[in-house]
Amino acid sequence: MADSSFTEWKSWRESPQFDPESFLESLDGGQSFSWNRKESYLEGSFKGYLYRLKLEGDTLSVSIPQKLDYENALSNLGEYFALETDFQGIIDTLPWRSDQNLKRAIEAYPNLRILKQPLNEALFGFLCSSTKQIPQIKEMFRLTAQQYGPEVHMQVHALPNWDVIAQLEETDLRKLKLGYRARYIHKTAQKIKAEPDWLNSLHTMDTNEAKKELLSLPGVGSKIADCVLLFSLGRLESFPIDTWIAKILKRAYGLEGFSNDQLQAFSRNHYGPYAGYAQQFLFSAARSGVLKL
DNA sequence: CCGCAGGATACTG
DNA sequence: CAGTATCCTGCG
């Protein structure tokens with residue numbers, strides 16, 4: 001059914017190349033928690049805009065609410081997909097020639113991309129992520145948006161900014177199914193409120209410095225810090241180690257008994273400066289069963 | 001009812 | 001340092 005409050009589907013001229021698997025995995029495979037699968041398209045919001053994205057063949061089409069500024073929307077989308085990053089070129093630098101596991105993972109998702117999500121949203125999402133699976137994280141994300149975020153379009157809300165979250169009590173946050181993460185999010189919001197420039201300053205820091213800053217937040221350990229660095233700040237060397245990745249690395253390379261720090265050192269050395277991209281291939285392939293655990 | 005999930009933290013030895 | 005209990009919630 002046509003929805004006249006949305007623009008016609010228009011093919012996006014600057015779209016990166018996608019195939020169906022890579023498209024779904026890039027947006028709804030654990031990097032972002034703001035996309036929902038509809039019948040024939042994905043719908044999601046970031047930076048207060050709402051998007052519908054549809055892949056037909058290798059053409060990606062976009063439709064957004066009529067009232068939004070189309071130019072700005074597409075410009076945001078380009079940034080989100082990190083169009084300036086040559087992922088095919090990066091793949092070529094990864095050691096797939098000598099690494100069968102990596103090779104199989106890349107073949108399964110040949111056009112996988114690492115997103116550059118807005119920092120505030122990525123931080124919120126990954127603060128929600130501890131011991132939660134993607135559908136549950138998305139639920140927390142959605143509830144928070146629905147309850148406290150600005151309405152983007154007819155009952156659909158975007159995530160509120162941190163200054164809005166800072167006004168909430170921990171008990172308010174607990175009602176959003178955040179559980180013990182409510183305390184982390186509450187405290188993080190207070191810190192951001194107290195130091196309004198802090199969040200944006202991460203963009204210009206070198207990776208180690210930014211990681212140190214992120215680790216100073218309650219509820220942010222190495223894994224979550226690396227997720228923010230990789231999926232928002234474009235630091236492709238960051239290598240988040242969760243239980244999936246740890247399991248794969250141990251099995252694939254015979255690293256039983258390695259600590260997460262040791263696994264990270266191994267990965268940096270083995271995969272190189274774009275280790276984080278390799279991580280995402282392995283993660284996606286393991287989760288979908290392409291790689292056996 | 002129990003065990004557990006894509007984690008962090010405080011505490012123990 | 002390595003191990004362990006605890007923090008919420010929902011699901012099987």
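Naming: A, B, ... by sequence-line order, numbering from 1 per chain. Predicted model only: the values in this text are computed from it and were never measured.
Between A:Y41 and A:S61, the side chains place no donor N or O within less than 3.5 Å of an acceptor N or O (distance only, hydrogens not considered). Side-chain contact of A:S222 with A:K211: a donor-acceptor pair under 3.5 Å is present, judged by distance alone. Side-chain atoms of A:D99 and A:H270 form a donor-acceptor pair, as typed in the model, at a separation below 3.5 Å. Side-chain N/O atoms of A:W35 and A:E43 include no donor and acceptor closer than 3.5 Å. Residues A:S238 and A:R268 have side chains that never bring a donor and an acceptor to within less than 3.5 angstrom of each other. A donor-acceptor contact closer than 3.5 angstrom links the side chains of A:D3 and A:S5.
Atom CG of A:L143 is separated from atom C1' of C:dC8 by 14 Å (rounded to the nearest Å). Separating the CZ atom of A:R142 from the C1' atom of C:dT9 is a distance of 16 Å, rounded to the nearest angstrom. Summarising the geometry, the separation between CZ on A:F283 and C1' on B:dA5 is reported as 12 Å, rounded to the nearest angstrom. In this entry the distance linking CD of A:E139 with P of C:dG10 reads 9 Å, nearest Å. Residue A:Q133 contributes atom CD, which lies 15 Å from atom C1' of C:dC8 at whole-angstrom precision. Rounding to whole angstrom units, NZ of residue A:K132 and P of C:dC7 are separated by 15 Å. Rounded to whole Å, the distance from CD on A:Q136 to C1' on C:dC7 is 15 Å. Across the protein-nucleic acid pair, A:D261 atom CG and B:dG7 atom P stand 15 Å apart, rounded to whole Å.
Where A:R287 and A:P218 each meet DNA chain B at their nearest nucleotide, the meeting point lying more 5' is that of A:R287.
Listed in residue order, the members of residues 231-260 of chain A having a heavy atom less than 4.0 Å from DNA chain B are A:D242, A:T243, A:W244. Across residues 262-270 of chain A, not one residue has a non-hydrogen atom less than 4.0 Å from an atom of DNA chain B. Sorted by residue number, the members of residues 171-188 of chain A with any non-hydrogen atom under 4.0 Å from DNA chain C read A:R174, A:K177, A:G179, A:Y180, A:R181.
The nearest pair of heavy atoms linking A:F33 to A:G30 is CZ-O, 3.7 Å.
Applying the side-chain contact (heavy atoms from CB on, under 4.5 Å) rule to A:L74 yields the partners A:W12, A:V62, A:Y70; only residues at least two apart in sequence or on another chain are considered.
Here A:I224 lies in heavy-atom contact (under 4.0 Å) with sugar-phosphate atoms only. A:G221 comes within contact range of the sugar-phosphate backbone alone, with a heavy-atom separation under 4.0 Å but no base atom that close.
Around CD of A:E84, the count of heavy atoms belonging to other residues, nucleotides or ligands within 6.0 Å exceeds 12.
A ring-centre distance under 6.0 Å is not found for A:Y148 and A:H157. The aromatic ring centroids of A:Y253 and A:F258 lie 6.0 Å or more from each other.
Judged by distance alone, the side chain of A:Y51 and the main-chain N or O of A:A73 form a donor-acceptor pair under 3.5 Å.
Listed by first then second residue, pairs satisfying side-chain hydrogen bond (donor to acceptor under 3.5 Å, both in side chains) with a partner in residues 15-26 of chain A read A:D19-A:S22, A:D19-A:N111, A:E25-A:S284, A:E25-A:R287, not counting sequence neighbours.
With a 3.5 Å limit on both pairing distances and Watson-Crick or G-U wobble geometry required, the stems of 3 or more pairs in DNA chain B span B:2-5 with C:9-12, B:7-13 with C:1-7.
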- For A:F18 and A:F81, what are the C-alpha separation, side-chain angles and deciding distance, and is it a ring pair (Phe, Tyr, Trp, His ring centres under 6.0 Å)? CA-CA 11 Å; A:F18 273 125; A:F81 279 112; 5.6 Å; yes
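Across the C1' atoms, B:dT9 and C:dG10 are found 23 Å apart, a figure rounded to whole Å.
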